[in-house]
Amino acid sequence: MNKKILVAGGAGFIGVNFIKYMLNENPDNKIINFDALTYAGNLASLASCENNPNYEFVHGDIRNAEDVAEAIKKYNVDSIINFAAESHVDRSIDGPHVFLDTNIFGTYTLLQAARDFDIQRYLQVSTDEVYGSLGKTGLFTESTTIKPNSPYSASKASADHMVRAWHKTYGLNAVITRCSNNYGAYQFPEKMIPLCIYNARNGNKIPVYGDGMQIRDWLYVYDHCTAIWEVFSRAIPGEVFNIGGNNEKTNLTLVNAILAMLGKPKSLIQFVKDRPGHDRRYAIDSSKMKERLGWEPSLTFEEGIEKTIRWYIDNQNWLNQVTSGDYQNYYKQMYADR
Ligand code: NAD
Ligand code: DAU
């Protein structure tokens, strides 16, 4: 395809997996990883890519128009995929400002740059959380009303609205993906699955919010990456695609499964105060992905979670590095009096 793609937020969990997928499986394209390296960005995760001639790293902030313009000009970028965001719901409840700044203003900056530099394709990586919460039945489709409930999801929904407006008003060739919960290698252990693995292996309690009966639809991160590439390559300008794992689990079922696989007792579970505004259930209808683009998840949950647990066991150094320093303060602040 020979695209020169600026991957914003490429040093985060999904960005790292996407860059590895692209360099390994779609090597005709040049990847420019543009990342501010916040607490969630980690270049060590991409050490194996450093010498790849199709990979460049730019330390830059999507809120800074000059940073973005410089990278686009330097590498003659023709496409943008935007993963860059503040992504953790609990942090957005404690401190919404940076979420609005990065997720809304940062997206605006990228959209303006896309106009200024005649970018041929813009893909916004969004989330199923923009749809809010489901009751016991039903699925999110692409035409479900946008009804975000957290500062994080409100900021992501705002960004989606701008992407739509830039397509309608300025004719930008923009598309949006809305995916369910991802899991896999390189996920920061503030998120439920790596937090559970990390705590359980250390014999520490697993904090489960409220009654633990909230439902998420889990997708292995590799499958999210292949879906993004299908949408990038083939969607009609302006289209939205939902991406999901067809794999609903209550948080309690999930934690019990991980504890069983690690050979750890259920007594490690500790019910703690619920997350304010906690969405009860997410579930995605990905039939458009299947019918229009022939995409389906390639791994079962059992295969994905086994690979994930194995990765965290085999990559103790990575885990030690990201849980040193600030992480310990974050953990105390979030959970000590919960
Ligand atoms: P993450 O928090 O692991 O990574 C975010 C990355 O963005 C980090 O590398 C960080 O340094 C970078 N970043 C943050 N602010 C920046 C800025 N101002 N300029 C440049 N870079 C900046 O997030 P993730 O879990 O990999 O999620 C990636 C994207 O996918 C996000 O947009 C998120 O909303 C979306 N998403 C995530 C999930 C999930 O389950 N993790 C599911 C659906 C959608
Ligand atoms: O649905 C997609 C979204 O999934 C993405 O847009 C977000 O970026 C991503 O963070 C994720 O959001 P969640 O809030 O669903 O993920 P998290 O891992 O934080 O929590 C998963 C579920 O587990 C949720 O119901 C809250 C619960 N939970 C989480 C933590 C961290 C607990 O019970 N205890 C915990 O300690």
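Each ligand, and each atom within it, is numbered from 1 in the order the structure gives.
On a distance-only criterion, Ala84 and ligand 1 share no N/O pair closer than 3.5 Å. Considering backbone and side-chain N/O of Lys191, none are found under 3.5 Å from N/O of ligand 1. Taking only nitrogen or oxygen atoms, main chain and side chain alike, Asn82 does not reach within less than 3.5 Å of ligand 1. Considering backbone and side-chain N/O atoms, Lys156 comes within less than 3.5 Å of an N/O atom of ligand 1. Close N/O approach between Ile14 and ligand 1 is found [any backbone or side-chain N/O within under 3.5 Å]. Taking only nitrogen or oxygen atoms, main chain and side chain alike, Thr38 reaches within less than 3.5 Å of ligand 1. The distance criterion of under 3.5 Å between nitrogen or oxygen atoms is met by Phe13 with respect to ligand 1.
At a heavy-atom distance under 4.0 Å, no atom of Asn103 approaches ligand 1. Contacts between Asn181 and ligand 2, counted as non-hydrogen atom pairs separated by less than 4.0 Å, involve both the backbone and the side chain. Using a 4.0 Å cut-off between heavy atoms, His88 makes no contact with ligand 1 at all. Only side-chain heavy atoms of Tyr152 come within less than 4.0 Å of ligand 1; its backbone N, CA, C and O stay farther off. With a 4.0 Å heavy-atom cut-off, ligand 1 is reached by the side chain of Thr102 but not by its N, CA, C or O. Residue contacts with ligand 1, taken as heavy atom pairs separated by less than 4.0 Å, do not involve Ala8 at all.
Scanning the protein for heavy atoms near atom 43 (C) of ligand 1, the closest one is Cys179 O, 3.4 Å. Looking only at heavy atoms of the protein, atom 23 (O) of ligand 2 is closest to Asn251 ND2, 3.4 Å. Here the protein heavy atom with the shortest distance to atom 3 (C) of ligand 2 is Glu129 OE2, 2.9 Å. Remark: minimum distance from atom 29 (C) of ligand 1 to any protein heavy atom is reached at Phe83 O, 3.2 Å. Atom 21 (C) of ligand 2 has as its closest protein heavy atom Met192 CB, 3.8 Å. Distance from atom 31 (C) of ligand 2 to its nearest protein heavy atom, with residue and atom name: Glu190 O, 3.3 Å. At the shortest separation from atom 11 (O) of ligand 1 among protein heavy atoms lies Asp35 OD1, 2.6 Å. Here the protein heavy atom with the shortest distance to atom 2 (C) of ligand 2 is Asp128 OD1, 3.2 Å. Looking only at protein heavy atoms, the nearest one to atom 40 (O) of ligand 1 is Asn182 N, 2.9 Å. Closest to atom 4 (O) of ligand 1 among all protein heavy atoms lies Gly12 CA, 3.3 Å. At the shortest separation from atom 8 (O) of ligand 2 among protein heavy atoms lies Ser87 O, 2.8 Å. For atom 34 (N) of ligand 2, the nearest non-hydrogen atom of the protein is Pro207 O, 2.8 Å.
Residue Ala85 holds the heavy atom nearest to atom 5 (C) of ligand 1 of all those in Ser126, Ala85, Gly9, Gly184. Looking at Asn181, Ile62, Asn42, Val89 and measuring to atom 19 (N) of ligand 1, the nearest heavy atom belongs to Ile62.
With ligand atoms numbered from 1 in the order given, ligand 1 contributes 11 (O) to contacts under 4.0 Å with heavy atoms of Leu37. Under a 4.0 Å criterion applied to the non-hydrogen atoms of His88, ligand 2 contributes the atoms 19 (O). For ligand 2, the atoms lying closer than 4.0 Å to a non-hydrogen atom of Val208 are 33 (O). Which parts of ligand 2 touch Lys191 is read off a 4.0 Å heavy-atom cut-off, strictly below it: atoms 10 (O), 18 (O). With ligand atoms numbered from 1 in the order given, ligand 1 contributes 9 (O) to contacts under 4.0 Å with heavy atoms of Ala11.
Contact analysis puts His278 in contact with ligand 2, with a non-hydrogen atom separation below 4.0 angstrom.
The side-chain tip of Arg216 points at the ring of Tyr282 from less than 6.0 angstrom away and within 45° of straight on.
In this structure, Tyr312 has its ring center no closer than 6.0 Å to that of Tyr198.
Side chains of Trp218 and Ile305 form no contact here, defined as non-hydrogen atoms less than 4.5 Å apart.
Using a 3.5 Å distance cut-off with no hydrogens or angles, the side chains of Ser87 and Lys191 do pair a donor with an acceptor. With no hydrogens or angles considered, no side-chain donor-acceptor pair links Arg178 and Asn242 at under 3.5 Å.
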